[in-house]
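Values below: every heavy atom of this structure, side chains too, minus hydrogens, waters and symmetry copies. Keep in mind the model is a prediction, meaning the values are calculated, not measured. So that the names make sense, note that chain A is the first sequence line, chain B the second, and so on, each numbered from 1.
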Amino acid sequence: MDSKDFAGFLDLCDPAFRYAITAYIPEIRKEMTWLEQDKEGMKLLFDNLPRHNSDHSPLSRHITVCIVDQDEAKQQAKTISTLQVFKTSLDGGATELFAVGKIYDTVALNGDAPKLLDRNIRLDTRMLGAGYHIPF
Amino acid sequence: MSRNEIAWKEQPKFPSTHFVDTRIYTDEQIFREEQEKIFNKCWIIGCHESELPNAYDYRTFSHPGGAKLFMIRGEDMKVRAFYNICPHRGNTLLYDPVGNTKRVTCIFHAWSFNAQGDCIDIPRSKEGYQDRYSSKDAGLREVKSEVGFGGFVWVNVDDNSGTLKEYIGDALGMMEENLSQPLEVFTYHKAIVNTNYKLWHDTNSEFYHDYMHYFNRITGMMQPGYFDRKYKGYPGGHASVGSMEIKYDAYAGSQERAVGWPGLAPGGWVLIDLFPGMTFNLRTSVLRMDTAIPLGPDKLIIEFRGLGLKSDTPEQRAERVRDHNTIWGPFGRNLHEDLLGVHGQGLAMREKSDSKWVLHGREENSTIHDEVGMRHFYAEWGKRMGRPAYDPFGDNKLG
Ligand code: FES
Ligand SMILES: [Fe+2]
């Protein structure tokens, strides 16, 4: 994703892939889903990117896998990782912390290669400046 | 032809109502005056009643005039607003943005207050104050508040202001039916942008920037009738833009529109801008509410709320959430573009950047790409400030 190889990213996803960015919003004491897509929806989102006006500052997603929980029977693994997203400005290259959170992944292990089945980006950060068009 | 310095600063070839001097967006003194003459006089949305559903629920609010406030629902279920400051040594009373408390107790020396703003306890009062001072001298500063027009909690820090109804006038008439059922805030987020609050409100007052949004270029703008939508100005600087049908299915991924909104035609869109920085934006199945809270001439917090009906089923709510966030969430398609726009204006218009004019010159019979919405706003702004927006310091030597 950092290198914007979206086709490459989707190749690593199962056909039943689901993606969501969620957060708890304490001000209104509610759960929120900020982005929710299936594989088709993600592809559309990526395909439409060049048609939108967007912040072009590149992101670096730093992911540390903390817990891997393998379910032999289901042939799946669930992982929990911590996420830090940094944004680097094109003019001058200053880097700022953009968002922190956790990633909850479910990986299908029943095929030739592991495929991402479900990804929930669970954000702690809710103040995201002007926002961003590319998911984390 | 490009222009030299003299030509760049020359008065635009419009009547003076059709351009503004960019110093209104950058000048510190003007901003201080706006806090005093505009924000401290106008009714401002502090939160929504659904954020305080139970007795003793509270919600804090940074008022754009500068005061820190909190709104709290009393035992009598009435919402009241107070300064979030302890009368003793000026401490913040409520630190969390939201909560529930029967007593507001200051963490410093434990003075405590009820939800009516009465001081109900001063520890060791008699020992320290004898008969010179007591809890009845220590009530909180209450601020006028009213709940209305869709269940929003409005505040006015001016004790001598008129009523909320007088302030709004007929401006929300077009949405009367749309706001007739109890609403609920389902999403809330803030953005800080280094720009002037009026530039955000301007963006919400002009649709000519459809060109910035891929989504709008292929939905609304392509449709017959789009260019017939009309602006209507109301006294007090408020304005509305009427409904239309939007061809959502032109944007892949947003075809099915089932939930809708009471009183809104399928594919309709109603937008109402309230002076000085609040926008009701009703589209698809969602009411979006923006509140612009300036922190300085070039720093702005925008509060974004998405609302549905209190009576929503989980399925209906999920659809509203999707409709809202696809376009207007932090990862939405349009909000990012709108925020990039005002961010760019904030970069370009700075003191010493030699910006000079901003043009509001489009006239198209008050239809959608006419810039009459902004002109209407600045007429009210000039009146309240006692300064014309086209010549705020009286030194432009206009012809
Ligand atoms: S400052 Fe609040 S009790 Fe002293
Ligand atoms: Fe916009």
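Of the listed residues (A:I134, A:L35, A:T33), the one with the most heavy-atom contacts under 4.5 Å to chain B is A:T33. Contact count versus chain B (heavy atoms, under 4.5 Å) is highest, among A:R51, A:M127, A:K30, for A:R51. Among B:D96, B:V321, B:L335, B:D338, the residue making the largest number of heavy-atom pairs under 4.5 Å with chain A is B:V321.
Here B:R317 pairs with B:E184 in a salt bridge; the nearest charged N to carboxylate O distance falls below 4.0 Å. Ion pairing between B:R305 and B:E51 holds under the 4.0 Å rule for side-chain N and carboxylate O. A salt bridge between A:D55 and A:K87 is present, with a side-chain N of the basic residue lying under 4.0 Å from a carboxylate O of the acidic one. Taking a cutoff of 4.0 Å between a charged side-chain nitrogen and a carboxylate oxygen, B:D312 and B:K310 do not qualify as a salt bridge. A salt bridge is absent between A:K43 and A:D38: the closest approach of a Lys/Arg side-chain nitrogen to an acidic carboxylate oxygen does not fall below 4.0 angstrom. Ion pair A:D71/A:K78 not flagged as a salt bridge, since none of the NZ, NE, NH1 or NH2 atoms sits closer than 4.0 Å to an Asp/Glu carboxylate oxygen.
Within the 4.5 Å cutoff, side-chain heavy atoms of B:L309 are placed close to those of B:W261.
Of the N and O atoms on the side chains of B:N204 and B:D290, at least one donor lies less than 3.5 Å from an acceptor on the other residue.
Looking at A:E36, the atoms closer than 4.5 Å to chain B (heavy atoms on both sides) all sit in the side chain, from C-beta outward. With a threshold of 4.5 angstrom between heavy atoms, A:M32 approaches chain B through side-chain atoms but not through N, CA, C or O. Heavy atoms of B:V185 lying under 4.5 Å from chain A belong to its backbone as well as its side chain. Proximity to chain A (any heavy atom under 4.5 Å) is restricted, for B:P97, to the side chain, taken from C-beta onward. Looking at A:R126, the atoms closer than 4.5 Å to chain B (heavy atoms on both sides) all sit in the backbone: N, CA, C or O.
At a heavy-atom separation below 4.5 angstrom, chain A is approached by no residue within residues 343-350 of chain B.
Taking the six-membered ring for Trp, A:H62 and A:F86 have ring centres closer than 6.0 Å. Under the 6.0 Å cut-off for aromatic ring centres, B:F207 and B:Y226 do not qualify, their centroids lying 6.0 Å or more apart.
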